[in-house]
Amino acid sequence: MKISVIGCGYLGAVHAASMAELGHEVIGIDVDPARIESLQQGIAPFHEPGFDALLKKNASRLTFTTDMSVAAHANVHFVAVGTPQAADGSADMTYVNSAIEGLVPYLSESDLVVGKSTVPVGTAERLSAHVTPTGAVLMWNPEFLREGFAVEDTLSPDRLVYGVPEGADGDTATAVLDEVYAAILAKDTPRLVMNFATAELVKVAANSFLATKISFINAMAEIADVTGANVTQLADAIGYDTRIGRRFLNAGIGFGGGCLPKDIRGFVARAEELGVGDALSFLKDVDDINMRRRTRVVDVLTEELGSLDGKTIAVWGISFKPDSDDIRDSPALDIAESLACSGATVVSADPEGWKPAQARVERAGLSASLTTTDNHRAAVTGADALVVATEWKVFQEEDATAIGALMAQKLVVDGRNCLDANSWKEAGFRYRGMGRT
Ligand code: UGA
């Protein structure tokens, strides 16, 4: 089949390459010429395991361009542009609106437009009024991929969700998308067909649930900190109950990234617009608990070191999660910036996130007190404390004795509860976890 993918960020670029992997002819379209140039050369513009190889493997079926008119050669058009957080917390729909506006002149009768972006409920209904006059059909097909596992999640998803219009158009849309995803459906992947509103809500409900789970365990960490309980053991124990499950119960410095934080805020804003804000007031607590985790690290360091003024602090981790170079709303980078603003000299190390962070640090005017590097051993040299803020494997596998020998003081704050506390204590470290000692 001939497919266009509009928007070539994490979601769109991976989707485009994955559709080519399924055997389709794919055109990726984006307004950013540098991104398109890189993709066209087969070079991933971001760090995502397996993506480079997928791009190269499918190069013969993949074209990338900034020219929307080439979408006219395709019959199925995926819209995968970003919906960042607007100043008032709602989802900024600028890119979705302009993608649809730009695409409409090139649509033909019987084309299928498939929305993948995370949008406020009611968006598909609104956009279909622009699409249907061309004779094309709009449907919504939310994406549940995780960064770091994007390729795997796209090609082997837990489920496929189709939001379709009522009647014959819905049947047509379902049949066409089934053809696009034939290879995935052949693996017995559950496929759920529903109306627009339900499909849009599935996405934000799933992310809200995950965020709530993380904030729940972080609330338990707050209680554990004042009672001497161990939140990791608590999570293990409740997680054995299959109704609860152990996944997404890792306490620490909380969730960040381009999705969970903005999606819960956008969902709250939309519910308020719809007059049902009370239904989601708990998500504000989820957000508050999450943001408190970031200040908790600064508080623990202040407790241990007294004033932070003049202290040297190493932070391991800049990306919002391991195996990613994404620094959007990263707790690790936020904490490093807060420490720098409190008078400390901070060296942040990350195998991938160090590069994009440098520009942000310069923009924030913090480059005199916050530097970034990919060398985590250099970062701890002479430091008064080490904060582990992103659980990259290379950090977890470090030799505590060797690290202690490089530092001025042996203090470690394990912001992700990812270290073997005993081996760090045995190496002479004062160990502070999040909800565990
Ligand atoms: C999230 C969802 O997990 C995906 O299903 C969804 O498709 C995606 O958002 C999206 O909307 O596009 P992602 O942002 O890649 O995926 O990251 P997650 O793996 O969900 O992690 C989010 C944050 O939660 C990270 O900062 C991570 O460190 C943190 N986290 C995760 C915890 O603090 N504790 C946990 O137990 C798990």
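Each residue takes its place number in the sequence, starting with 1. All ligand and atom numbering here is 1-based and tracks the order in the structure. Keep in mind the model is a prediction, meaning the values are calculated, not measured.
By the 3.5 Å distance cut-off applied to N or O atoms, Pro331 is not counted among the residues near ligand 1. Checked against a 3.5 angstrom limit, the closest N/O atoms of Phe320 and ligand 1 fall inside it.
Taking 4.0 Å as the cut-off, Arg416 counts as a neighbour of ligand 1 on heavy-atom distance. Judged by the shortest distance from any of its heavy atoms, Leu210 lies inside the 4.0 Å radius around the atoms of ligand 1. Not a single heavy atom of Gly252 lies less than 4.0 angstrom from ligand 1. Residue contacts with ligand 1 include Lys203, since one of its heavy atoms falls under 4.0 Å from the ligand. Between Gly257 and ligand 1 there is no heavy-atom distance shorter than 4.0 Å.
Counting heavy atoms from C-beta outward, Val137 and Pro165 have side chains that approach closer than 4.5 Å. Counting only heavy atoms from C-beta outward, the side chains of Glu200 and Arg270 never approach each other to under 4.5 Å.
A distance below 6.0 Å separates the ring centres of Trp316 and Phe395. Two rings, from Phe209 and Phe248, have their centers 6.0 Å or more apart.
Annotation for Met407 and Ala385: closest pair CE-C, 3.6 Å, computed over non-hydrogen atoms. The heavy-atom pair separating Ile3 from Phe78 by the smallest distance is CG2-CD1, 3.7 Å. Between Trp392 and Ser324, the shortest heavy-atom contact is CZ2-O, 3.4 Å.
Paired with Met434 under the rule side chain to side chain contact (heavy atoms under 4.5 Å, CB included), one option of Asp414, Val413, Asn250 passes, and it is Val413.
Protein heavy atom in closest approach to atom 9 (O) of ligand 1: Cys259 CB, 3.3 Å. In terms of protein heavy-atom proximity, atom 20 (O) of ligand 1 is closest to Phe248 CZ, 3.3 Å. Counting protein heavy atoms only, atom 36 (O) of ligand 1 is closest to Asn250 N, 2.9 Å. Given atom 1 (C) of ligand 1, the protein heavy atom at minimum distance is Leu260 CD1, 3.6 Å. For atom 5 (O) of ligand 1, the nearest protein heavy atom (residue, atom name, distance) is Phe144 O, 3.0 Å.
For the residue pair Asn375/Thr373, the side-chain donor-acceptor check at 3.5 Å is not satisfied.
Ranked by closest heavy atom to atom 6 (C) of ligand 1, the top entry among Asp326, Leu145, Thr390 is Leu145. Of the candidates Arg328, Lys321, Arg146, Lys262, Lys321 brings a heavy atom nearest to atom 19 (O) of ligand 1.
Enclosure of atom NZ in Lys2 is not indicated, since only 12 or fewer non-hydrogen atoms of other residues, nucleotides or ligands lie within 6.0 angstrom. Atom CD of Glu125 has 12 or fewer heavy atoms from other residues, nucleotides or ligands within 6.0 Å.
Ring geometry for Tyr181 versus His15: interplanar angle over 60°, hence perpendicular rather than tilted (30 to 60°).
Looking at Ile214 against ligand 1, only its side chain comes within 4.0 Å, counting heavy atoms. Under 4.0 Å from ligand 1, the heavy atoms of Asn207 that appear belong solely to its side chain.
With ligand atoms numbered from 1 in the order given, ligand 1 contributes 7 (O) to contacts under 4.0 Å with heavy atoms of Glu143. The atoms of ligand 1 that sit less than 4.0 Å from any heavy atom of Leu249 are 36 (O). Residue-ligand proximity, Glu147 to ligand 1, at heavy-atom distances under 4.0 Å covers atoms 15 (O). In the vicinity of Phe255, heavy-atom distances shorter than 4.0 Å reach the ligand 1 atoms 23 (C), 24 (O), 26 (O), 29 (C).
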